[in-house]
Amino acid sequence: MDDHNRIALVTGANQGVGRQVAKELAANGVTVLVAARDFAKGEAAAKEIGRGAIAFQLDVTDKASISAAAERVRHEFGRLDLLVNNAGISQTTKRTLQENVQANRASTASLDEVRAVWETNVFGVLAVYQAFLPLLRLSSDARIVNVSSGVGSLTSASDPTYEYRHIFGPVYPASKAALNAITLAMCIELENTAIKVNLVSPAFTSTNLNNFEGTESIEDGSREVVRVALLGPDGPSGTFTRWENTTIPW
Ligand code: NAP
């Protein structure tokens with residue numbers, strides 16, 4: 001009997017947190033669709049993960065790519081049980097974290113960069129949700145995990161005593177605040193269904209997103225995303241957490 005019964009799709013799964021989540025889901029017996037905008041990178045990651053991992057091409061900013069991936073899932077699996085919206089970018093120009101804080105000032109942020117980051121982090125997630133929701137509705141135990149960030153918490157950033165308040169700006173932090181808003185809309189839309197929705201922040205993890213300036217390892221930094229992605233049918237919906245199951249205010 002095939003023990004890889006649960007079908008999960010992780011966007012941006014070719015590196016960083018997404019690849020770690022895909023790896024741990026596969027190790028827990030889940031069939032993982034390793035989605036990557038560059039199919040060859042997805043194939044390399046799926047090969048490295050091994051049993052239970054299958055590469056998919058999916059660029060969250062490309063409508064045709066999203067539709068083709070959803071159609072392939074419908075054709076090959078007939079449903080989706082878990083969608084991890086992980087793909088994200090923090091900038092369009094390589095900068096250090098310190099330079100990024102400067103580039104995030106409301107008065108000077110590049111509108112082109114704001115649009116590009118929001119296209120991936122906000123509109124990309126909504127487009128993937130819309131394409132895959134019909135497949136999640138065919139699951140008896142469906143869950144959506146949106147990978148956000150603590151820096152997107154409006155409650156925290158509006159508190160003058162919050163130590164990372166100075167980081168908040170229109171490019172990346174506000175894109176995550178908008179993702180949180182879109183996630184709340186998903187929660188409200190689905191609250192009378194069996195489909196669960198969770199928002200999770202990885203720890204400050206050493207990945208390409210932050211020029212590997214993050215302080216946590218991939219394993220530690222991804223742990224809360226993995227925990228939430230593996231929640232069963234009785235697990236909660238509507239949570240926003242970071243490691244270790246600590247609530248983040250929306
Ligand atoms: P990462 O290593 O840079 O990984 C980001 C992934 O997203 C890559 O696979 C990237 O693909 C993919 N991606 C970017 N644009 C895409 C698109 N248009 N379509 C499909 N995939 C796309 O960064 P990470 O740190 O693992 O980030 C994963 C998530 O965690 C993001 O949502 C990020 O905001 C969030 N997060 C990270 C941290 C942290 O400290 N690292 C903290 C809080 C939240 P390519 O390889 O092709 O670029």
Side-chain angles (χ1 to χ4, degrees), residues 9-24 32-46 48-49 55-66 68-69 83-92 94-95 97 100 104 113 115-128 131-132 145-153 156 164 167-168 171-180 182-183 199-226 228-229 240-243 246 248:
L9 184 139
V10 183
T11 64
N14 55 285
Q15 65 169 320
V17 170
R19 183 172 60 189
Q20 183 65 23
V21 171
K23 183 176 164 185
E24 295 196 42
V32 185
L33 313 181
V34 177
R37 57 179 162 180
D38 179 336
F39 183 65
K41 289 183 183 170
E43 272 189 313
E48 184 199 304
I49 293 168
F56 264 64
Q57 197 281 330
L58 201 170
D59 181 335
V60 304
T61 63
D62 179 346
K63 201 174 170 190
S65 162
I66 297 170
L83 172 62
V84 182
N85 283 308
N86 164 79
I89 57 173
S90 56
Q91 57 200 33
T92 53
K94 269 276 183 226
R95 289 188 292 260
L97 282 178
N100 240 353
N104 253 287
E113 183 163 46
R115 287 194 181 96
V117 170
W118 284 53
E119 197 61 54
T120 301
N121 296 3
V122 186
F123 308 125
V125 174
L126 187 59
V128 169
F132 284 90
V145 178
N146 288 344
V147 181
S148 185
S149 170
V151 302
S153 165
S156 299
Y164 300 114
I167 289 174
F168 197 86
V171 186
Y172 179 75
S175 78
K176 291 300 188 181
L179 169 63
N180 298 354
I182 298 266
T183 304
L199 200 53
V200 184
S201 176
F204 183 40
T205 311
S206 173
T207 66
N208 183 53
L209 189 96
N210 50 39
N211 296 315
F212 300 92
E213 291 182 58
T215 50
E216 304 300 326
S217 68
I218 285 286
E219 292 79 4
D220 287 343
S222 309
R223 202 167 285 168
E224 180 67 3
V225 188
V226 173
V228 173
F240 183 15
T241 55
R242 64 159 65 91
W243 179 251
T246 308
I248 302 176

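Both backbone and side-chain heavy atoms feed into the values below; hydrogens, waters and symmetry mates do not. Every number for a ligand or one of its atoms is a count from 1 in the order of the listing. This structure is a prediction, so every number in the text was calculated from the model and none was measured.
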When you measure from the side chain of N104 to the backbone N and O of V171, does any donor-acceptor pair fall under 3.5 Å? yes
Looking at K176 and V147, would you say the former's side chain and the latter's main chain have a donor-acceptor pair under 3.5 Å? yes
Whether the E119 and T61 side chains hold a donor-acceptor pair (N or O, under 3.5 Å, no angle test) is what I'd like checked. no
Is there a donor-acceptor pair under 3.5 Å between the side chain of S65 and the backbone N or O of D59? yes
The answer, listing residues by chain and number that come under 4.0 Å of ligand 1 through any heavy atom, is G12, N14, Q15, G16, V17, R37, L58, D59, V60, T61, N86, A87, G88, I89, T120, V147, S148, S149, Y172, K176, P202, A203, F204, T205, T207, N208, L209, N210
More than 12 heavy atoms of other residues, nucleotides or ligands under 6.0 Å from NZ of K23: is that the case? no
Do side-chain atoms of E213 reach the backbone of L97 as a donor and acceptor pair under 3.5 angstrom? yes
